[in-house]
Amino acid sequence: MGIDKTMIKCQRNCGKLLFLSFNFLLLFTAYNSGQNMITEVYTRLGFENLGQFVLFSVGLGTAVTCTVCSSMVKYLNLKLSLIIGSLTYSLTFALGIMVAWCSVADQSDLPFICTAKPFVYMLAIFCGIVTGIGGSILFCAQNGYCTNIAEESQRGDFFGTFWSIFQSSQLLGNILALAAFGLGTSFSYFLILVFLSLASSVLFLFLPPVNYHEDTSLPPVPIDDGHSIAHNTESIPLQKQENISIFSLAVNPQMVPLVAQMVLSGFILAFYSGHFNKILFSLLPAGTIKPETQVAKVYIMLGVGELVTGFIYGRLADTLDKVLLIRLSNFFCSLAFAGTIYSLLVSQIEPAYFAAFCWGVADNSIQTMITTVIAKDWDGILEGFALFTGVQSLGCCLAFFLQVVLSRENIFIFIWISISFLIIGIFATCFLPRG
């Protein structure tokens with residue numbers, strides 16, 4: 001009888017996981033598609049670096065909000081946080097509709113919003129920050145939801161399954177871009193993105209509610225404050241502190257090596273969203289018809305890498321040593337850089353397909369491992385997921401800022417800077433607790 005109840009509960013939780021995952025798939029089919037394309041699409045529509053401004057603002061909004069998003073999620077509850085967070089993404093796509101419309105409107109009688117470019121850039125920053133705030137709440141709630149529906153022994157599998165389905169949005173999103181730019185215009189493309197994001201928000205209304213709870217049955221985690229733990233009568237397990245600050249969590253000796261991986265994940269995200277996109281367009285022969293469709297084909301390989309990795313890594317995370325798996329993620333990141341550099345050296349886009357696949361593997365595997373470690377070693381505290389969201393966003397912000405500053409410099413400079421963060425990440429794995 002007990003086994004039947006356990007199986008029924010497991011089936012229900014799997015159903016909740018799939019509903020959540022496919023909702024994120026729908027939302028981020030739109031967002032990841034737009035994220036990968038807007039840096040060059042906006043430039044071709046006459047708004048240079050507008051895409052980088054949007055993505056930088058999204059990262060900034062996420063990073064700033066991460067300090068309070070866990071408290072907001074606890075106050076709002078997980079389901080309402082998911083609904084509110086998802087709604088903010090439509091703003092970014094609505095901006096795309098406006099920019100695309102300005103490019104096809106009657107140039108002799110353009111409205112103010114099209115001629116006043118500083119206004120457009122300010123509006124882009126506002127929309128990006130609001131989306132970033134919503135994204136911080138969204139992912140904090142998502143991680144809390146996954147943690148609370150999974151048994152501890154299943155958390156690696158659950159997070160791997162979520163990330164695999166979720167990151168399939170890279171595959172579907174770029175198939176969408178391929179079809180939209182092949183058959184339609186930028187205006188119709190952004191219109192589709194808005195529809196998909198709003199549809200996802202509506203579907204979140206039907207997500208089964210889950211109450212957030214914290215397990216206080218964990219063994220103590222040492223807090224290195226310079227005194228012997230045996231003589232520190234005020235030492236409280238970090239997971240059990242009710243009002244834990246993400247700043248105190250970030251400097252905890254056991255978390256610091258993982259923070260380096262969080263920064264690296266931000267650079268990976270920013271690299272393939274912005275700089276890699278710029279590289280792909282530069283590799284296309286002059287006069288290529290509808291170059292967006294050629295770039296979308298490369299990004300489809302990135303989506304394939306994301307799809308395959310999540311299922312594999314989620315299952316491995318429950319059985320193999322986490323340090324080994326994180327180092328394997330860093331290895332795939334190295335392969336992605338190598339493939340990108342080789343494409344530039346031979347001035348051919350074909351090697352970029354391999355690089356894109358490796359970017360997908362590196363991106364999904366490192367995010368799966370970070371969330372799994374937080375879910376298992378830190379019992380899935382919302383502050384841990386908020387820290388990940390914030391640090392990753394800061395890494396994205398720094399990367400996009402450097403991309404704008406170095407936009408007219410040699411294309412290799414940003415690559416070498418990014419590789420330096422990979423080296424730091426690899427070195428940090430030496431200090432990760434094994435297990």
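Just so you know, residue 1 is the first one in the sequence shown, and it goes up from there.
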Before giving the answer on side-chain contact (heavy atoms from CB on, under 4.5 Å), spell out for Tyr42 and Val54 the whole-Å C-alpha distance, their side-chain angles and the decisive distance to 0.1 Å. CA-CA 10 Å; Tyr42 282 166; Val54 172; 4.3 Å; yes
Evaluate the criterion ring-ring contact (aromatic ring centres under 6.0 Å, His included) for residue pair Phe139 and Phe28; output intermediate values, then yes/no. CA-CA 12 Å; Phe139 277 99; Phe28 281 87; 5.4 Å; yes
Residue among Phe24, Tyr89, Phe19 satisfying ring-ring contact (aromatic ring centres under 6.0 Å, His included) with Phe204: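 Result: among Phe24, Tyr89, Phe19, Phe24 is the only option passing the ring-ring contact (aromatic ring centres under 6.0 Å, His included) with Phe204.
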Is [Y] close to [X] at the side-chain level, that is, under 4.5 Å between some pair of heavy atoms?
X      : Y      : answer
Leu207 : Ile83  : no
Glu383 : Trp378 : no
Cys69  : Phe385 : no
Phe281 : Pro291 : yes
Leu196 : Leu27  : no

Could you label the plane-to-plane angle of the Phe414 and Phe271 rings as parallel, tilted or perpendicular, counting under 30° as parallel and over 60° as perpendicular?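 The arrangement is parallel - the two ring planes meet at less than 30°.
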Do the rings of Tyr121 and Phe53 sit parallel, tilted or perpendicular, given the 30° and 60° boundaries?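 If you compare the ring of Tyr121 with that of Phe53, the planes turn out perpendicular.
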For Phe195, does the CZ atom sit with more than 12 other heavy atoms under 6.0 Å from it, leaving out its own atoms?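 At most 12 heavy atoms, drawn from other residues, nucleotides or ligands, come within 6.0 Å of this atom.
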Is it true that, when you exclude Phe401 itself, more than 12 heavy atoms of the residues, nucleotides or ligands shown sit nearer than 6.0 Å to its CZ?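 Not more than 12 within 6.0 Å, no.
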If we ignore angles and hydrogens, is there a donor and acceptor under 3.5 Å between the side chains of Thr131 and Thr92?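 Looking only at side-chain atoms, Thr92 and Thr131 do form a donor-acceptor pair, the distance falling under 3.5 Å.
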No-hydrogen, no-angle side-chain donor-acceptor test under 3.5 Å, Tyr189 and Ser33: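 Short answer, yes.
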Backbone N or O of Ile133 within a donor-acceptor pair of the Ser136 side chain at under 3.5 Å?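 No, Ser136 side chain to Ile133 backbone: no donor-acceptor pair under 3.5 Å.
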Please table the atom pairs, donor to acceptor, closer than 3.5 Å between any side-chain atom in residues 351-366 and protein atoms at least two apart or in another chain.
{"residue": "Trp359", "atom": "NE1", "partner": "Thr340", "partner atom": "OG1", "Å": "3.2"}
{"residue": "Asp363", "atom": "OD1", "partner": "Gln367", "partner atom": "NE2", "Å": "2.8"}
{"residue": "Asp363", "atom": "OD2", "partner": "Gln167", "partner atom": "NE2", "Å": "3.1"}
{"residue": "Asp363", "atom": "OD2", "partner": "Tyr272", "partner atom": "OH", "Å": "2.9"}
{"residue": "Asn364", "atom": "OD1", "partner": "Thr368", "partner atom": "OG1", "Å": "3.0"}
{"residue": "Asn364", "atom": "ND2", "partner": "Trp163", "partner atom": "O", "Å": "3.4"}
{"residue": "Asn364", "atom": "ND2", "partner": "Glu306", "partner atom": "O", "Å": "2.5"}
{"residue": "Ser365", "atom": "OG", "partner": "Ser329", "partner atom": "OG", "Å": "2.9"}
{"residue": "Ser365", "atom": "OG", "partner": "Val361", "partner atom": "O", "Å": "2.7"}
{"residue": "Ser365", "atom": "OG", "partner": "Ala362", "partner atom": "O", "Å": "3.2"}

Pairing residues for Phe93 by the ring-ring contact (aromatic ring centres under 6.0 Å, His included) criterion, not counting sequence neighbours: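 ring-ring contact (aromatic ring centres under 6.0 Å, His included) check on Phe93 returns nothing, list empty.
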